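What you are looking at is a predicted structure, and each value in this text was computed from that prediction instead of being measured. Chain letters run A, B, ... following the sequence lines, proteins first, then strands; residues in each count from 1.
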Amino acid sequence: MEPQKLTEYERRRLENIKKNEEMLASLKVNSRLNDLSAATKRQRAQTKSYKNSPEKKSKTETPIVIRRSLRARGMPPNASTADGLKDGFDETTLKIPRQAHMMPKKSRPVMGTITISDAYIGTEWDKKLIDKILSVSKKSQLSCIGGVKEETDGGFSDLAVGVSENEGTGCPEMKNKLLGSIDVEKLALEPENVARVVPGRIMSVRFFPTADMTTIVVGNKYGNVGFWNVDAEKEDGDGIYVYQPHSAPVSGISLQPFLLSKMFTSCYDGFIRLMDVEKEVFDLVYSSEYAIFSISQRPDDVRSLYFGEGPGELNIWDERAGKSSFSFKLHEDKINTIDFSSENSNIMATSSTDGTASIWDLRKIDSNKLKSLKTISHKRAVYSAYFSPSGSCLATTSVDDIVGIVSGANYEDISMIYHYNQTGRWISTFRAIWGWDDSYIFIGNMRRGVDVLSSISRNIIATLQSEHMSAIPCRFDAHPYKVGMLAGATSGGQVYIWTLD
DNA sequence: CCAAATATTACCTCA
DNA sequence: TGAGGTCCATATTTGG
């Protein structure tokens, strides 16, 4: 499309290569250090020492380390050291993955694994959250035992993408999302449902997909992944746990209801990590020299990952094979979101900065190309495209100040609703999401509110406002099993959880 | 032609 | 309390 864009990507790609090289270099250095001092397997104490901040008020206030070269920050290499120190860039605060000795001795990909305890930011590793996730995860797996294997219909499974014999498919009993209608007037924000979970700008929010615990996961600009265990708040301090598995903005989080012990996160630095609670590690499952802007998984398949890489590539990664099984150039610019229809998981929607959102049928591959069923054109970049809970509608959000609603058997009905989406530079882009049925869409507004759009009357029918919402909520998630529980995340690291009275 | 600079925006931090 | 720093979005303008 516009050639200028590509050069921008080229520049970023080079930065990523550089950063990844640094990362790998640091892993190698560490590996050698570990080899030399084999007696002291883990130097936990040393790892933790830097966190002893003068006054340890709150975990979330510990200084955040950004591993970035001056060049990557757009500064000349000889920029003043003082400037670097001002950013907290200091030997003692360098956060380097420690477990390099766990890297496979295979020749090519260096799979850097970070243990969860090493990634933990705080004075002392607190295992309560991990234990809680484990117990809830085991419970949900038990309820799935005897679950019948679901065969994905036709084409795509023939291509052997992520289909496994027994454990790859989901639990058929487990609904993707609980449907329900709500009275918008009854939504309220209680003061105890506000928390600063991570420092800095939140890029992605997700509820843990279970009814057994109310837990929020967020990813921020600095590569932190933060958990807020809302239930545990009373007996467990603030219930907030922050880790640093990445070193650049966390672009996406993918969780599956029937496999709660595994969580994928994608990052602008080109890495995809898997937080495996059973193994207590953040595994490196994929690394690219391009940035990864979006990640998703099919609702019925835990074994493959779909992610947007570089300027417009959709990559399908087969976890079992440990390699990318398909790659399609779907867009001319970065893919901001990837979503699947709950009606039919072969139907996928993508949104892109190239100004379009498209719906694809993964079974329809023609000469190594996916053919789109429908393309929705906006005047400018499209920030998101999400299917409604039933799977029959699609909501798109664009910087052209439009929220599009697409419906009809062949997605032939498109209506464009005006909504001011100029977030500027400091606020993350708005992404309209669906609630718990096909009637309402939620999206942030620049006046510290949440606009509620009706897909039927196709206008703004309400705006959620609260004195406790002190910043603009820009990224949202609707709890998949708790109707009426809506999380909004801000560019200052805060999360607001709206609930029904 | 392509790269670099610029304006926009609102949050948090720290004097 | 208010100024300063932010700086991976995006489109437009300027510069070599």
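Between A:Tyr222 and C:dC8 there is no side-chain N or O to OP1 or OP2 distance below 4.0 Å. Within the structure, a side-chain polar atom (N or O) of A:Arg196 is placed less than 4.0 Å from OP1 or OP2 of B:dC12.
Per the geometry, CG belonging to A:Asp333 stands 10 Å off C1' belonging to C:dT10, to the nearest Å. The distance between atom CE of A:Met203 and atom P of C:dC7, rounded to the nearest whole Å, is 11 Å. Atom pair A:Lys334:NZ and C:dT10:C1' shows a separation of 9 Å (rounding to whole Å applied). Atom CZ of A:Phe293 is separated from atom P of C:dA9 by 7 Å (rounded to the nearest Å). Atom CZ of A:Arg201 and atom C1' of C:dT6 are 10 Å apart (whole Å). Here B:dT9 presents its P atom at 12 Å from CD1 of A:Ile472, a figure rounded to the nearest Å. Rounding to whole angstrom units, OH of residue A:Tyr496 and C1' of B:dC11 are separated by 10 Å. Taking atom CG on A:Asn445 and atom P on B:dT9, their separation rounds to 16 Å, with Å as the unit.
Taking the ring centre of A:Phe293 as origin, the terminal cationic atom of A:Lys334 falls inside the region bounded by 6.0 Å and 45° from the ring axis.
DNA chain B is contacted by A:Gly424, A:Arg425, A:Trp426, A:Ile427 of residues 420-433 of chain A, taking any non-hydrogen atom closer than 4.0 Å.
A:Cys474 pairs by the side chain to side chain contact (heavy atoms under 4.5 Å, CB included) definition with A:Ile427, A:Ser428, A:Phe430, A:Ser491, not counting sequence neighbours. For A:Thr350, the side chain to side chain contact (heavy atoms under 4.5 Å, CB included) partners are A:Leu330, A:His331, A:Ile335, A:Ile338, A:Met348, A:Ser358, A:Trp360, not counting sequence neighbours. For A:Ser324, the side chain to side chain contact (heavy atoms under 4.5 Å, CB included) partners two or more places apart in sequence, or in a different chain, are A:Asn315, A:Trp317. Remark: A:Tyr418 pairs with A:Asp401, A:Tyr420 by the side chain to side chain contact (heavy atoms under 4.5 Å, CB included) rule, at least two apart or across chains. When the salt bridge (charged side-chain N to carboxylate O under 4.0 Å, His left out) test is applied to A:Lys186, the partners found at least two apart in sequence or on another chain are A:Asp183.
Among the atoms of the strands shown, only primed sugar atoms or phosphate atoms (P, OP1, OP2) are found under 4.0 Å from some heavy atom of A:Arg448.
Among the nucleotides B:dT9, B:dC12, C:dT10, the one closest to any side-chain atom of A:Met446 is B:dT9.
Between A:Phe340 and A:Tyr306, the two ring planes are perpendicular [angle over 60°; tilted spans 30° to 60°].
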